[in-house]
Amino acid sequence: MFLKQHTLQQAVSLTGAGLHTGAPATITFLPAPENHGYIFQRVDLPGQPLIPADLDHVADTTRSTTLAEGEATVQTVEHVLGALAGMQIDNVLIQIDGPETPVFDGSALPYVEAFRRAGVEEQKANREYYVIDEPIHYQREDRGVDLAALQLNDFRVTVMVDYNSNVLGIQHATMIRLEDFTTEIAPARTFVFLHELEALLNAGLIKGGNTDNALVIVEQAPAPDVVDKLAKAFNKPPAVLKPGILDGKELRFTNEAARHKLLDLLGDLALLGTPFKGQIMAARPGHASNIAFARLIRNKIKQKKLVRRFQTDPGRGYFFDINAITRILPHRYPFLLVDRILNFEDNKIEGLKNVSINEPFFQGHFEGNPIMPGVLILEAMAQVGGVMLLNIVERPEDHWVYFLAIDKARFRKPVTPGDQLIFRLEMMSLKRNICKMFGRAFVNEVLVAEAEMVASLIERDK
C-alpha cells in the first residue's frame, strides 16, 4: 500500500456510451493537487458544476451509483472509482460531457489502461489511512446481505454472491492485496440475468446495454415473444436461447460475477474519501448496501478523527474532559454548560454537567428555591449536540453551530444544586450541514427533560 498520495502525470480521455442512458460521453481525467480527492465536473452544463465523489452526494443506487450536486448528476460512477481506488490514485479531476460514465466492455479494464497511459505520479503529502480497530457490521436479513469490516494491518476484500442460479452457482472472490487489482479484479465484467432485462427496459434502464458490454445470464429459455422484444431492444435478430451465457460469451474468470461485485464494492467504498486498512467480508453486496455500509465506516472515521485530535487520556473512561471541550466549543464562562463528553459513537453522544450552587443563574432563579432554568437545560443539551455536529468537519474551530429550531420540548422534573445532568442525544438526520437531533436529560437515570433540535454548521469568517 502506498505511503504517499498519487495523481496522474498527464490528462487522459476516453469516449463511449453509458450503460443505462445510452448517451455518448467523453470522460477526461486530469491531475489534481494533494488532498483534492475525486471530483466530477459536468463540462456540458451551464457553469460546469462540480460534483464531489463522496457519500453526501449519493443520489441513487438503483442498479448503479449516481452522484448529484443540485440538478447536476453523474450516473454509474462505480467502475471509474473502483479503478482509481484499485490503482491507489488519490487525486483526480474527472471532467465529463454527459450524464453517465462510459461502460465500454462492462469492466474497469479500459480505465486501468487509460491511467497506465497517463502515468501515475507520487505526490509529497502522506496518505492518511483509517485503521479498522473494531468490527463494523451491516446486515439486511430480508435480502441475506451481510458486510463486515475487521481488523487487519493491510487491505483485503472477500465477496460471496448467491443468486440461486444454476448457471453461476455460489461464487467467492478475494483480493489479497491492492497490487492484484489490475489483473484479478479490473477485467471482470458487469452481468445481468435474462429474466431481469424486460423489467429493466421498462424502467428506462440499460438503454446502452448489449452483449458487448455485459454478460447476460440465461437460466432457462424464454418465451418467443420475450425473445423478439429483447432482440429488438438490442438490435439483434431473434435467437434460440439456452441456459448459459448469451451469445456464447466466454468468461474471463470462472467466478467473474463475484469479482465484478468486488469491483463495485471497491468503487462504492471509494466514496469514503479515505483509504483504510482492514479486511472486508461481503455476502450478497449491492450498491444500496455498499453505501449504507460505507456510511457506517464513515461515522467511525469521523469519530476517530475528533477523538484522536482532542482526547487527552483515553484510559479515564470518558472521551473529552473540559480542556478538550474548550478546544472544540467556542463557549466560555458563564455560558459553557458541559463538563465532560462521556460516550461518543456513530450518531450518538452522551455528555455530563455537574450542577453547582455556584452557578450564576441560581442567584435569581429562585431565592430560597434554586432551580435550574429549563432553557439552560436545553442549552446544555444543545452544546453536547454541538460537539456531535462539529465532528463532521475537519476543523471544528473554524465553524459555528447555530440552532435553528426546538420542538417537542418537555420538562419532567426540576434540576437543583448537587444534581448531575446526563445528556443523551441521537442524530435523526443530516443533510447539507443541517442536523436534526433528539436529546434527553437525566438525573440519576430519571428523565428530567427532552426535546428535538435542528442545528446548522456555519463556517466562521476568516
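None of these values were measured; they are calculated from a predicted model.
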**Step-by-step salt bridge (Lys or Arg N to Asp or Glu O under 4.0 Å) determination, R284 to D162** = CA-CA 7 Å; R284 304 174 182 86; D162 179 11; 3.5 Å; yes
**Prompt:** From C435 SG over to N391 CG, what is the distance, rounded to the nearest 0.5 angstrom?
**Reply:** 11.0 Å
**Item:** Least distance between heavy atoms, L152 atom then Q279 atom
**Value:** CB-N, 3.9 Å
**Request:** Could you give me the CA-CA distance, side-chain angles and deciding distance for K277 and D133, then say whether salt bridge (Lys or Arg N to Asp or Glu O under 4.0 Å) is met?
**Result:** CA-CA 9 Å; K277 295 182 179 181; D133 57 5; over 6 Å; no
**Heavy-atom pair with the smallest gap, counting every atom of S107 and R252** = OG-NH1, 3.7 Å
**Complete:** Nearest heavy-atom approach of A149 to I132 is O-CG2, 3.8 Å
**Request:** Please check if the side chain of H57 supplies one atom and the backbone of L67 the other of a donor-acceptor pair under 3.5 Å.
**Result:** no
**Request:** Give the minimum heavy-atom separation between I94 and Y38, together with the two atoms involved.
**Result:** CD1-CB, 4.5 Å
**Prompt:** Would you say the side chains of S165 and E219 form a donor-acceptor pair under 3.5 Å?
**Reply:** yes
**Request:** Say whether S289 and R143, considering side chains only, have a donor N or O and an acceptor N or O under 3.5 Å apart.
**Result:** no
**Asked** Just checking, is any N or O donor in the side chain of N91 or E34 under 3.5 Å from an acceptor N or O on the other one?
**Response** no
**Complete:** Rounded to the nearest 0.5 Å, the CZ atom of R410 sits from the CG atom of L378 at a distance of 11.5 Å
**Prompt:** Distance from L262 atom CG to I185 atom CD1, nearest 0.5 Å?
**Reply:** 4.5 Å
**Asked** Could E256 and R189 be called an ion pair, given the rule that one side-chain N must be under 4.0 Å from one carboxylate O?
**Response** yes
**Item:** Euclidean distance, I297 CD1 relative to Y130 OH, rounded to 0.5 Å
**Value:** 8.5 Å
**Request:** Kindly write out the residues that satisfy salt bridge (Lys or Arg N to Asp or Glu O under 4.0 Å) with E184, not counting sequence neighbours, or none if the list is empty.
**Result:** R259
**Interatomic distance, N433 atom CG to Y402 atom OH [nearest 0.5 angstrom]** = 14.0 Å
**Item:** Cationic N near anionic O, under 4.0 Å, R440 to E450
**Value:** no
**With R140 via salt bridge (Lys or Arg N to Asp or Glu O under 4.0 Å) - residues at least two apart** = D142
**Complete:** Minimal heavy-atom distance between P102 and A25, with the atoms involved, is CG-O, 3.7 Å
**Request:** Check the pair V192, R63 against side-chain contact (heavy atoms from CB on, under 4.5 Å), reporting the backbone distance first and the verdict last.
**Result:** CA-CA 10 Å; V192 65; R63 303 297 298 203; 3.7 Å; yes
**Prompt:** Residues in salt bridge (Lys or Arg N to Asp or Glu O under 4.0 Å) with E452, at least two apart?
**Reply:** K408, K436
**Request:** Give a yes or no on whether a salt bridge exists between E134 and K300, defined as a side-chain N under 4.0 angstrom from a carboxylate O.
**Result:** yes
**Prompt:** Between T26 and S13, what is the shortest heavy-atom contact and its length?
**Reply:** CG2-CB, 4.2 Å
**Asked** Considering residues at least two apart in sequence or located in another chain, which fulfil the salt bridge (Lys or Arg N to Asp or Glu O under 4.0 Å) criterion with R127?
**Response** D90
**Request:** Taking atom types as modelled, find out whether E121 and Q9 have a side-chain donor-acceptor pair closer than 3.5 angstrom.
**Result:** no
**Request:** Sort and list the pairs that fulfil ring-ring contact (aromatic ring centres under 6.0 Å, His included) and have at least one residue in residues 149-185, not counting sequence neighbours.
**Result:** F155-F276, Y163-F191, Y163-F193
**Fill in**
One should read off an interatomic distance between H331 NE2 and Q383 CD, to the nearest 0.5 angstrom, of 4.0 Å
**Prompt:** Taking only residues two or more places apart in sequence or in another chain, which ones pass side chain to side chain contact (heavy atoms under 4.5 Å, CB included) with N213?
**Reply:** L19, V103, N210
**Asked** Should I325 and I341 be marked as a side-chain contact (heavy atoms from CB on, under 4.5 Å) after you check the CA-CA gap, both sets of side-chain angles, and the distance that decides it?
**Response** CA-CA 8 Å; I325 291 170; I341 298 299; 4.2 Å; yes
